[in-house]
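See structure below.
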Protein chains: 2
Amino acid sequence: MQRTSLKSDPCPVARALDSIGDWWSLLIIRDAFDGVRRFGDFQRSLGVAKNILTVRLRRLVTDGILEHTNSREGNAQEYVLTAKGKGLFPVIVGLRQWGESHFYGQKERHSVLVDRDQNRPVRRLEVLSRDGRILRAEDTFVRKIGS
Amino acid sequence: MQRTSLKSDPCPVARALDSIGDWWSLLIIRDAFDGVRRFGDFQRSLGVAKNILTVRLRRLVTDGILEHTNSREGNAQEYVLTAKGKGLFPVIVGLRQWGESHFYGQKERHSVLVDRDQNRPVRRLEVLSRDGRILRAEDTFVRKIGS
DNA sequence: CCGTATCCATTCCGATACTG
DNA sequence: CAGTATCGGAATGGATACGG
């Protein structure tokens, strides 16, 4: 039996996770946001086996999240986020802030995402309604379409 | 060799993914946000094998994301999101909106997350600076703390 | 109805050796 | 440097049978 594919799942969350819902992909994407571009740099930064990294990178390229610029003028090839890949920025930020809130003891400090302009931490990620209210899960529901 | 644990990784994203970075956990959490509470309902909704679901639920309870209310007055036990689990709301919304944007053809429609008060779709999730500007990845950097 | 136990196939992952 | 090839152990996933 094969792992169930979620590519055709009606839920957008499921389809998203079909692409990036494994152990390494989101970490690769995090590194990409931090400016990592080369195979060896991903490999050292993540401590992942090279064969695994190869497969993961290939998948991300196939799914249009990374672009493999092989044809740059006479120098090293790179993996760069596409527009689709950059669209995951709020997800990474959300994971980061959730991690900061719940996985560090009182004395243990962690890195912070900083706004370049203001040189201050980024505002906490919130789900907002059209008129700017902060929404919690209880304030929302999923309106199903079609079947 | 065992899978590398990320529990002590310096990066908050990594620690977060150590808890929820597998194929099923985020889908379970999505269902929990949608009001699913019982074992059998998760099982049917996800189509996951029961033994796997058992392990995943136990892990989520251990990590403080779900609470297993066994002691309710003489009736069925339930799995409910804790405060920590509810903190993943922006992440789920981010995944949902990213999935909506990139995995549906022009004619294929999808469900929408709706604000109960206004009965309108929730605002697109954005990363904001302290003064309300919309930040993109290029506008931010990670300030590392300690080593 | 809520799980647990067992079995088996597939996949994942890490280590290492190797190629261009 | 950027992968590919191969190997073995571990984890995952699905099906099914079973117990409370």
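Atom set for the values below is all heavy atoms of this structure, side chains included, hydrogens, waters and symmetry mates excluded. Numbered from 1 within each chain, the chains take letters A, B, ... in sequence-line order.
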A:Arg59 CZ to C:dC13 C1', in whole Å, measures 17 Å
Rounded to whole Å, the CH2-P distance (A:Trp24 to D:dA11) equals 15 Å
Q. So, is B:Gln43 close to the C:dC1 phosphate, meaning a side-chain N or O under 4.0 Å from OP1 or OP2?
A. no
From OH of A:Tyr79 across to C1' of D:dA2 the rounded distance in Å is 8 Å
Rounded to whole Å, the CG-P distance (A:Leu17 to D:dT12) equals 16 Å
Exercise for review: Report the relative orientation of the aromatic rings in A:Phe42 and A:Tyr79; use parallel for angles under 30°, tilted for 30 to 60°, perpendicular for over 60°.
Suggested key: perpendicular
C:dG3 OP1/OP2 closer than 4.0 Å to side-chain N/O of B:Arg38: no
- With B:Lys84 as the cation and A:Phe103 as the aromatic partner, state whether NZ or CZ is under 6.0 Å from the six-membered ring centre and within 45° of the axis. yes
Whole-Å distance, A:Asp22 CG to C:dG14 P, equals 12 Å
| said: Is there a side-chain contact between A:Trp23 and the phosphate of C:dC12, meaning an N or O under 4.0 Å from OP1 or OP2? | reply: no
Can you find a donor-acceptor pair, distance only, under 3.5 Å between B:Asn51 side chain and C:dT6 base?
yes
| request: May I ask you to check if B:Arg15 and A:Tyr104 form a cation-pi contact, with NZ or CZ under 6.0 angstrom from the six-membered ring centre and within 45° of the axis? | output: yes
Testing C:dC13, D:dG14, D:dT12 for proximity to the side chain of A:Ile52, the answer is C:dC13
Should A:Lys7 and A:Asp9 count as an ion pair when the cut-off is N to O under 4.0 Å?
no
### Message
If the cut-off is 4.0 Å, is A:Arg58 near the phosphate of D:dT4, judged by side-chain N/O to OP1 or OP2?
### Response
yes
A:Glu78 CD to D:dG3 P, in whole Å, measures 12 Å
When rounded to whole Å, the NZ to P distance for the pair B:Lys50 and C:dT4 reads 11 Å
| said: So, OP1 or OP2 of C:dG3: does either fall under 4.0 Å of a side-chain N or O from B:Thr54? | reply: no
When B:Val55 and B:Arg44 are each assigned the nearest nucleotide of DNA chain C, the 5'-most assignment goes to B:Arg44
I'd like to know if the side chain of A:Arg96 reaches the main chain of A:Ser111, judged simply by a donor and an acceptor atom lying under 3.5 Å from each other, with no hydrogens or angles considered. yes
B:Leu46 atom CG is separated from D:dT12 atom P, nearest whole Å, by 16 Å
